[in-house]
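Every chain is numbered from 1, with letters handed out A, B, ... down the list of sequences.
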Amino acid sequence: MENVVELKNVTKKFKDFSVENINLQVKQGFVTGFIGANGAGKSTTIKMMMNLLKPDAGKVNVFGLDYRTHEKEIKERIGFVYDDNVFYEALNLKDIKRIIAPAYKRWDNSLFYQYVERFELPLNKALKKFSKGMQMKASLAIALSHHPELLIMDEPTSGLDPIFRRELMNLLQEIMMDGKLTVFFSTHITTDLDRIADYIVFIQKGKLVFNQSIDEVAENYALVKGGIDLLDTDTEKAFVHVHRAATGFEALTDNRKAAESIFGDSVIIEPASLEDIMYYLKGGIYHV
Amino acid sequence: MQIIISNSSKEPIYEQITKQIKSSILTGKLQEGMSLPSIRQLAKDLQISVITTKRAYEELEKAGFIYSIVGKGSFVAEQNLEVIKEKKLKVIEEQLSAVITNSREIGLSLNDLQELLKFLYEE
Amino acid sequence: MFNLIKRDLIIHKWQILLIVPFIILFIITASDTFFVFFIASIFIPFNALAVDEKKETNILLNSLPYTRRQIIASRYLGAILYMFLSIGVASIALFVMNRPFTMTDILIGSGTFLLFSAITFPLFYIFKSGYISSIVLISGLILLAIGPPIVSLFAEHFTVITDFINQFTASELYIGVSVFIIIIYTASWLITNTIYQRKAF
C-alpha cells in the first residue's frame, strides 16, 4: 500500500464555500504538508479524511479502506491532533486518558507515560489551565500512544513558539525512523515544512493547486527578477504571477526551465520558498 | 561522516549531499564496504526531508559509489573504473593546483606553463 | 461501547456525588414519590448530554474508533443503565429517610423518565449546541408541574377516555403502557440515529 490516504474527485459544498474536485494522495512513510491560506479548505479536507464530514461527491479511502464499511478499523490506526482542544477541558490528563485509552485496542500505557514525562505534562491539572503549547503536547501524547500508522494534524503549530515548533519537527522525524508512520499536517507556517516535509499539497480557494514532492516544487517553481523592459506578452507566459515596480519586476514561474531558456542570464533566478509560492498564488493560479 | 548543508546555496540540497559523500569516498575517508547511515537517520541528523536524502542516495547508487541491500542499508561500493578515474582526476587537479601556485610564485605565465606541459607530455 | 457509557461517569468527576443531596432535596420537597425516581434518573444522562452537545466533544468521539451508531446506542442504553442505578440510590435514600414507596412509584417514575428521554434526546442532536440542555430541563419541569392537573382535568371531563382505560385490569394497563413506552423509546433511538448519521462537525 503506497497511498495511505486517497481522495478522488472529492467535492463538498456549503452555502458560502466549497471544496471542489480534490484529488490527492498521501504516501506511506513520508511527511506531507498541507498548505493554504486561512479559509482555503484545509480543515474541510481534513474533516473529510476523518469522516467528520461526508463528501457530496467523490471517494475518500484511508489505508485502502472505505469509511462506510471499515470506520472503526480505520480510526483504530489514526492519531489525530486538532487546532482546538477537543478534550473535556474540565478534566485532567489522567481522566482524559481513562476515557480515550479503552477506545483503542493497541493503547500503550507505558508509551503514554513516556511522552507525558518527555513533554513535562502535569497529570492532575485541568486541561483548560494548560497553555496552548501544553495542550498541543497533551494532544500529541494521546495521539501517539496507540501506535498509529497515520498521524493527522490540523494546524498543530499555530500559536506555538519557534522552539517548540522545531522540537516537534525533530520528534516527528524521530518517531518516523522505522518508516511505518505517515504524517499529514496542515499549516500556514511554511518554515516548518521547508525543513522536513517530503510532499507538499497546496490548496487555494477550495481547489487543489499542486501535490508535489519538495524536490519537484524546488525544480519547478522559482522567483525571476529582472528589468521591466524584458517583459512582453510572449515572455510573460512563463510566469504565473508578475509583480511590477519602477525598479524592475519580480515574478513567480512554475516552469523554471522555460524561464531559464527565455531569459538566460539577463535575469536573476532564485529558489522560491513555499511562502513565496503561497503569496504569489494568492489570487489563484492563472497564466498572465 | 561529515556533511554540511547550506540552505542559502543555489545548489539543491541533494546535490550538496552527493558531492560531499563522493568526495569522502574519493579521498578515502569512506572506504569500500563501510555502511552509511540510513536514509531516515541522515534526514533526521541533517533536519531535512527524507525524500531529499533518498534522492541523494539514489544518485550515488546510480553513479556506482554506493549500493543498497534491502533491510540492511547502504554501503560504499567497490570502486569501479569510473570511480577510480574520477579519483585520479581529483588527484591530478590537486597536483596541478600546486603547479599553478608554484608557477605564480616565480611569475611563470600560463602560456609558458602550457608550453612546458606540452613539451613534457609529448616527450 | 461500554467505555462510552462509563465515560458519562468520568466526565462528572466528584460532581457525581451531588446526586445524593439532590435526591434528598426532592424527597423532602416532592409531593409524589414517583417524582423522586424520575428526577434521580435524569441526573446523570442529562448532565452528560449537557457536556456532550458541544461540537468539540462530538469531534473527539467521532475521531476515536467508534461508529456514529455506537455513540447513539451508548446514549440510549446508558440512560437505561443509569436509570436503574439512580433508582437504586433513590430507593436506599427513601428507605433510610423512612419514606414509604411502592413498586408502582418506581414504574411510573421510570416510565416518565423513559418517555421524557425519548422526546428530548433527539432535540439534542437536531439543534445546534447552545442552550438546548437548559431549555429541555426547564420545559421538562414545567411539563411535570402542569401535567398532573391536566390529567385530572381530562379524567373529570372526558369520561370516554377514563371509561376506556377503566375497562382494562391493572396488569393489562401496565403491560400496555410498558409496550407503548418501549415503542416510543425505540422509535426515538432510530430517529436520533438517522439524524446523527447525517450530522457534520
ask   = Are any of the side-chain heavy atoms of Lys6(C) and Arg98(A) separated by less than 4.5 Å?
value = no
remark   = d(Ile59(C) CD1, Phe87(A) CZ) to nearest 0.5 Å is 11.5 Å
message = Are more than 12 heavy atoms, taken from residues, nucleotides or ligands other than Arg69(C), located less than 6.0 Å from that residue's CZ atom?
response = no
remark   = Of all heavy-atom pairs linking Pro65(C) and Ala103(A), the shortest is CG-O, 3.3 Å
key: Identified side-chain contact (heavy atoms from CB on, under 4.5 Å) counterpart of Val86(A) within the set Thr57(C), Asn62(C), Leu60(C)   = Leu60(C)
task = Count the heavy atoms of every other residue, nucleotide or ligand shown that sit under 6.0 Å from CD of Glu117(A), and state whether that count exceeds 12.
result = no
request  = Kindly give the heavy-atom pair with the smallest separation between Asn85(A) and Glu56(C), and that separation in Å.
outcome  = O-CG, 3.6 Å
Top contributor to chain C contacts, counting heavy-atom pairs under 4.5 Å, from Lys47(A), Glu73(A), Lys105(A) = Lys47(A)
ask   = Which pair of non-hydrogen atoms, one from Ala200(C) and one from Leu53(A), has the smallest distance, and what is that distance?
value = CB-CD2, 3.1 Å
query = Top residue by heavy-atom pair count (under 4.5 Å) with chain C, among Ile78(A), Asn51(A), Asp95(A)?
reply = Asp95(A)
key: Within residues 81-115 of chain C or reaching into it, pairs that qualify as ring pair (Phe, Tyr, Trp, His ring centres under 6.0 Å) - sequence neighbours excluded   = Phe37(C)-Phe101(C)
note = So, the part of Ala90(A) with a heavy atom under 4.5 Å from chain C: the answer is backbone
key: Atom CZ of Phe2(C) with >12 non-hydrogen neighbours under 6.0 angstrom   = no
Contact origin within Tyr82(A) toward chain C - heavy atom pairs under 4.5 Å = side chain
key: Selection residues 130-157 of chain A - residue pairs positive for ring pair (Phe, Tyr, Trp, His ring centres under 6.0 Å), sequence neighbours left out   = Tyr104(A)-His146(A)
task = Please state whether the side chain, the backbone, both or neither of Glu76(A) comes within less than 4.5 Å of a heavy atom of chain C.
result = both
ask   = Would you say the side-chain atoms of Lys54(A) pair up with the backbone N or O of Gln197(C), donor to acceptor, closer than 3.5 Å?
value = yes
key: Glu89(A) portion near chain C, given a 4.5 angstrom heavy-atom threshold   = side chain
request  = Mind checking the OG1-CZ spacing from Thr67(C) to Arg68(A)? Nearest 0.5 Å is all I need.
outcome  = 15.5 Å
message = Tell me whether Glu120(A) at atom CD has more than 12 heavy atoms from other residues, nucleotides or ligands lying less than 6.0 Å away.
response = no
Atom pair NZ (Lys55(C)) and CG (Leu52(A)), whose distance is rounded to the nearest 0.5 Å = 9.5 Å
remark   = To the nearest 0.5 Å, atom CD1 of Ile99(A) lies from atom CG of Leu9(C) at 10.0 Å
ask   = Just wondering, do Tyr88(A) and Lys54(C) contact through their side chains at under 4.5 Å, heavy atoms?
value = no
inquiry  = Does atom NZ (Lys94(A)) have a neighbourhood of more than 12 heavy atoms from anything else shown, all under 6.0 Å?
reply    = no
request  = Test Leu64(C) against Ile100(A) for side chain to side chain contact (heavy atoms under 4.5 Å, CB included), laying out the working first.
outcome  = CA-CA 8 Å; Leu64(C) 293 170; Ile100(A) 308 291; 3.9 Å; yes
